[in-house]
Amino acid sequence: MTDLTTTAYRLTPTRTPRPIVSTLGIGVLGAFALGTVARGWMRLISEEPEFSWSGTLFIVIGFTIFGLGQSIVAVARSRVQARWKLTSVRILGAVTMLPLFVGAGMLMFPTVIGGGLATARTDWRKITRFLFGIVAVLPVLVVGSGLISSFGWSLRSVAGFVQMLAIYAAIVWATRFTLAPQRDGWRLSRRAKVVAAVGVVACASLPMVASVGLG
């Protein structure tokens with residue numbers, strides 16, 4: 001009877017736990033590589049490209065912290081059963097996303113969070129996920145229009161736009177470890193969900209409003 005009770009409240013499907021060292025290693029190295037690509041993309045789309053080791057290290061280290069955080073959550077999801085423990089690790093995963101949104105990266109906050117929730121929250125209604133998807137697309141359109149405004153319909157603007165899509169698609173894919181639901185049957189009340197959704201949308205909209213105001 002004890003075994004049946006424990007199995008019923010597992011937060012993840014029964015499976016072989018993720019290996020710790022290799023999972024963390026892949027997450028860190030993958031994020032480091034993605035940060036390097038992101039740094040190159042930033043130079044590509046800049047009208048006055050500059051290089052500094054401090055700026056490069058800041059960006060690459062920020063991505064590496066993000067990758068480490070998501071890898072830790074991935075390991076925890078396959079090993080941790082207690083809800084409060086996994087929730088704590090997921091909060092850590094969310095905190096490690098913050099370095100991605102420093103400086104100019106703030107504009108893409110709605111894309112990462114909106115896109116992550118739209119793809120990872122499979123337990124939500126389709127209309128809710130669709131609305132978060134719309135939130136995610138708006139900054140992409142803003143950046144795309146900015147590229148055309150700066151470089152016209154050129155190979156540089158097209159390459160910059162395609163590279164942006166690839167980078168942020170990878171980031172959104174990685175956030176699923178933190179943003180996906182915990183499969184233990186517990187759910188927020190409908191009122192709490194509405195409040196949480198409004199709060200997320202409001203926070204995601206702030207970078208867009210700030211960028212328009214600064215423009």
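What you see is a predicted model, and the numbers here were worked out from it, not measured in a lab. Sequential numbering from 1 along the given sequence is applied to the chain's residues.
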* Verdict with reasoning, Leu138 to Val142, per side-chain contact (heavy atoms from CB on, under 4.5 Å) -> CA-CA 6 Å; Leu138 293 178; Val142 170; 5.6 Å; no
* To do: Could you tell me the separation between the CD1 atom of Ile59 and the OG atom of Ser52, rounded to the nearest 0.5 Å?
  => 8.0 Å
* Structure fact -> Separation between CG (Leu131) and CD1 (Ile127), nearest 0.5 Å, reads 4.5 Å
* **Exercise: identify the closest heavy-atom pair between Ser71 and Thr23** => OG-O, 3.5 Å
* What is the minimum heavy-atom distance between Val73 and Thr178, and which atoms define it? -> CG2-OG1, 3.7 Å
* To do: Scan side-chain atoms only and decide if Thr87 and Gln182 contain a donor-acceptor pair under the 3.5 Å cut-off.
  => yes
* Can you get from Phe132 to Val140 by hopping between Ile, Leu, Val, Met, Phe, Trp and Tyr side chains that sit under 4.5 Å apart? -> yes
* Asked: For the hydrophobic clusters of this structure (ILVMFWY residues joined by side-chain heavy atoms under 4.5 Å, transitively), does one cluster hold both Ile72 and Leu179?
  -> no
* So if you build clusters from Ile, Leu, Val, Met, Phe, Trp, Tyr with side-chain heavy-atom gaps below 4.5 Å, do Met42 and Met164 land together? -> yes
* Asked: Do the non-hydrogen side-chain atoms of Met108 and Ile171 ever get within less than 4.5 Å of each other?
  -> no
* **Trp153 side chain near Ile148 side chain, heavy-atom distance below 4.5 Å** => yes
* Asked: Do Glu47 and Phe151 have side-chain heavy atoms sitting under 4.5 Å apart?
  -> yes
* Structure fact -> Between the CG atom in Leu86 and the CD atom in Gln81, the distance rounded to the nearest 0.5 Å is 11.0 Å
* Less than 4.5 Å apart, any side-chain heavy atom of Thr122 and any of Arg129? -> yes
* Asked: Do Ile113 and Leu165 share a hydrophobic cluster (ILVMFWY, side-chain heavy atoms under 4.5 Å, transitive)?
  -> yes
* **Side chain proximity check, Leu147 to Ile45, heavy atoms < 4.5 angstrom** => yes
* **Criterion side-chain contact (heavy atoms from CB on, under 4.5 Å) on Ile167 and Leu34, from CA distance to verdict** => CA-CA 7 Å; Ile167 291 170; Leu34 185 61; 4.3 Å; yes
* **Over 12 foreign heavy atoms within 6.0 Å of CG, Leu141** => yes
* Measure across Gly67 and Ala31 and return the closest heavy-atom pair with its distance rounded to 0.1 Å. => CA-CB, 3.5 Å
* Asked: Going by heavy atoms in the side chains, are Leu24 and Leu68 under 4.5 Å from each other?
  -> yes
* Structure fact -> Looking only at heavy atoms, the pair that brings Gly69 and Thr96 closest together is CA-OG1, 3.5 Å
* Asked: Would you find a donor on one side and an acceptor on the other, under 3.5 Å apart, between the side chain of Arg18 and the backbone of Arg79?
  -> no
* Asked: Between Thr56 and Arg39, do the side chains contain an N or O donor and an N or O acceptor separated by less than 3.5 Å?
  -> yes
* To do: Without swapping roles, check the side chain of Ser78 against the backbone of Pro17 for a donor-acceptor pair under 3.5 Å.
  => no
* Report yes or no: is the cationic atom of Arg176 (NZ for Lys, CZ for Arg) closer than 6.0 Å to the six-membered ring centre of Trp173, at no more than 45° off its axis? => yes
* Give a yes or no on this: more than 12 heavy atoms of other residues, nucleotides or ligands lie within 6.0 Å of atom CZ of Phe58. => no
* To do: Give the C-alpha distance, both sets of side-chain angles, the deciding distance and a yes or no for side-chain contact (heavy atoms from CB on, under 4.5 Å) between Thr128 and Arg121.
  => CA-CA 10 Å; Thr128 303; Arg121 298 300 308 206; over 6 Å; no
* Asked: Mind checking whether Phe66 and Thr175 have side chains closer than 4.5 Å, heavy atoms only?
  -> yes
* If you take all heavy atoms of Arg156 and Leu44, which pair is closest and at what distance? -> NE-O, 2.8 Å
* Asked: How many angstroms lie between CZ in Phe101 and CE in Met97, if you round to the nearest 0.5 Å?
  -> 7.0 Å
* **Non-hydrogen side-chain atoms of Val143 and Phe161 separated by less than 4.5 Å** => no
* To do: Could you pull out the closest heavy-atom pair between Pro139 and Val135, with the gap in Å?
  => CD-O, 3.2 Å
* Any chain of hydrophobic side-chain contacts (each under 4.5 Å) joining Leu107 to Val112? -> yes
